[in-house]
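Remarks on the structure that follows.
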Amino acid sequence: MHFGFSYVGLIYLVMLMVPNIFWAKNKPKDYEKYVGNENKILGVLERIGEVLVSTIVLIFSDFNLREWTPWGIWLVISFVLLILYEIYWIRYFKSEKTMKDQYRSFLFFPVAGASLPVLAFFLLGIYGRNIFLLVAVIILGIGHIGIHLAHEREVKETK
């Protein structure tokens with residue numbers, strides 16, 4: 001692992017943040033009703049994971065492009081998952097913006113808005129051979145995916 005700025009990490013964070021900025025202005029109808037039910041422990045794990053992942057992807061240069069080897073497939077798959085994440089959000093923004101729209105499966109990914117970026121960053125950690133990012137993503141994933149699975153379950157129960 002090598003300390004240094006990661007432009008790939010910055011690109012990943014921008015791809016992650018831009019849809020979330022738009023989402024803040026286009027939250028699903030009744031979203032506030034669901035937020036009040038969130039598990040506090042999962043919320044803490046999510047916040048810790050967000051801070052750790054955001055920091056680690058920027059301060060290690062291991063995530064930057066390097067000479068092509070078969071190991072680079074991890075970066076390619078990771079980036080494809082982030083592209084799918086962007087497409088997921090385009091679908092959401094074109095919808096009626098309900099909780100059901102936000103938690104509809106995308107391709108074969110359940111809670112795609114949570115699972116796709118977590119998987120993408122995990123694979124980025126594998127590509128960079130960075131145990132710190134892998135651990136941080138696991139913490140993030142437990143919190144973030146856990147919260148969104150609970151929301152999805154609530155949406156299905158209110159049908």
Side-chain angles (χ1 to χ4, degrees), residues 5-60 63 75-128 130 132-159:
F5 177 70
S6 174
Y7 58 86
V8 169
L10 179 62
I11 291 167
Y12 271 55
L13 287 178
V14 168
M15 291 179 73
L16 181 71
M17 298 295 181
V18 168
N20 283 279
I21 291 168
F22 286 105
W23 177 84
K25 302 264 187 214
N26 294 280
K27 292 180 183 175
K29 298 173 182 94
D30 298 328
Y31 180 74
E32 298 307 322
K33 177 178 106 176
Y34 293 87
V35 173
N37 300 331
E38 287 180 1
N39 180 300
K40 302 301 182 218
I41 294 170
L42 292 178
V44 168
L45 290 173
E46 179 185 44
R47 294 296 173 256
I48 291 169
E50 288 170 345
V51 169
L52 290 173
V53 168
S54 298
T55 303
I56 291 167
V57 298
L58 292 175
I59 66 169
F60 286 99
F63 310 118
L75 180 62
V76 171
I77 296 168
S78 173
F79 191 72
V80 166
L81 291 173
L82 264 186
I83 296 295
L84 292 175
Y85 176 72
E86 303 298 323
I87 295 168
Y88 157 83
W89 279 114
I90 291 168
R91 183 188 74 173
Y92 169 77
F93 291 130
K94 287 182 170 185
S95 74
E96 294 180 25
K97 298 175 193 76
T98 65
M99 288 296 284
K100 184 179 175 185
D101 294 325
Q102 183 160 345
Y103 290 104
R104 249 180 27 210
S105 290
F106 180 70
L107 299 175
F108 53 88
F109 294 97
V111 291
S115 61
L116 284 169
V118 168
L119 289 170
F121 277 89
F122 190 80
L123 294 180
L124 183 64
I126 292 173
Y127 167 76
N130 189 299
F132 297 123
L133 183 57
L134 296 173
V135 170
V137 171
I138 289 169
I139 293 168
L140 172 64
I142 291 168
H144 193 55
I145 294 172
I147 286 170
H148 288 279
L149 285 172
H151 286 317
E152 180 190 45
R153 186 174 52 251
E154 286 181 88
V155 168
K156 288 179 179 177
E157 289 173 359
T158 59
K159 277 191 196 178

Please list, chain by chain and in numerical order, all residues satisfying ring-ring contact (aromatic ring centres under 6.0 Å, His included) with [X], sequence neighbours excluded.
X      : result
His144 : His148
Phe93  : Trp89
Tyr12  : Phe121

In residues 106-117, what donor-acceptor pairs under 3.5 Å come from side-chain atoms, sequence neighbours left out?
| residue | atom | partner | partner atom | Å |
| --- | --- | --- | --- | --- |
| Ser115 | OG | Pro110 | O | 2.8 |
| Ser115 | OG | Val111 | O | 3.2 |

Notebook entry, point to check: Given the rule in the side-chain contact (heavy atoms from CB on, under 4.5 Å) test, do Val53 and Leu133 qualify, once you have shown the distances and angles that lead to the verdict?
Noted result: CA-CA 6 Å; Val53 168; Leu133 183 57; 4.0 Å; yes
Next item on the list: Scan for salt bridge (charged side-chain N to carboxylate O under 4.0 Å, His left out) pairs involving residues 31-46, sequence neighbours excluded, and state none if there are none.
Entry: Lys27-Glu32
Next item on the list: Take the angle between the ring planes of Tyr31 and Trp23 and call it parallel below 30°, perpendicular above 60°, tilted in between.
Entry: perpendicular
Go through the structure and list residues passing side chain to side chain contact (heavy atoms under 4.5 Å, CB included) with [X], not counting sequence neighbours.
X     : answer
Leu52 : Ile48, Ile56, Ala136, Ile139
Val51 : Thr55
Leu10 : Phe5, Val14, Leu58

Notebook entry, point to check: Hey, are the side chains of Leu119 and Phe122 touching, using non-hydrogen atoms and a 4.5 Å cut-off?
Noted result: no
Notebook entry, point to check: Is there side-chain contact between Phe79 and Val8, with heavy atoms separated by less than 4.5 Å?
Noted result: no
Checklist line | Results of salt bridge (Lys or Arg N to Asp or Glu O under 4.0 Å) for Arg47 - residues two or more places apart only | finding: Glu50
Margin query: The criterion is salt bridge (Lys or Arg N to Asp or Glu O under 4.0 Å); which residues satisfy it with Lys29, sequence neighbours excluded?
Written below: none
Check: Would a distance-only check, ignoring hydrogens and angles, find a side-chain to backbone donor-acceptor pair under 3.5 Å from Tyr92 to Asn26?
Finding: yes
Note to self: Please check: side-chain N/O of Tyr88 versus main-chain N/O of Leu82, any donor-acceptor pairing under 3.5 Å?
What the structure shows: no
Please name the pair of heavy atoms, one in [X] and one in [Y], separated by the smallest distance, quoted to 0.1 Å.
X     : Y      : value
Pro19 : Glu86  : CG-OE1, 3.4 Å
Ser78 : Ala120 : OG-O, 2.6 Å
Tyr85 : Met15  : CE2-O, 3.9 Å

When rounded to the nearest 0.5 angstrom, what distance separates [atom1] in [X] from [atom2] in [Y]?
X      : Y      : atom1 : atom2 : result
Thr98  : Arg104 : OG1   : CZ    : 8.0 Å
Gln102 : Lys97  : CD    : NZ    : 11.5 Å
Ile142 : Leu42  : CD1   : CG    : 8.5 Å
Leu134 : Leu124 : CG    : CG    : 9.0 Å

Margin query: Could you work out, with side chain to side chain donor-acceptor pair (under 3.5 Å) as the rule, every residue matching Ser95, not counting sequence neighbours?
Written below: Asp101
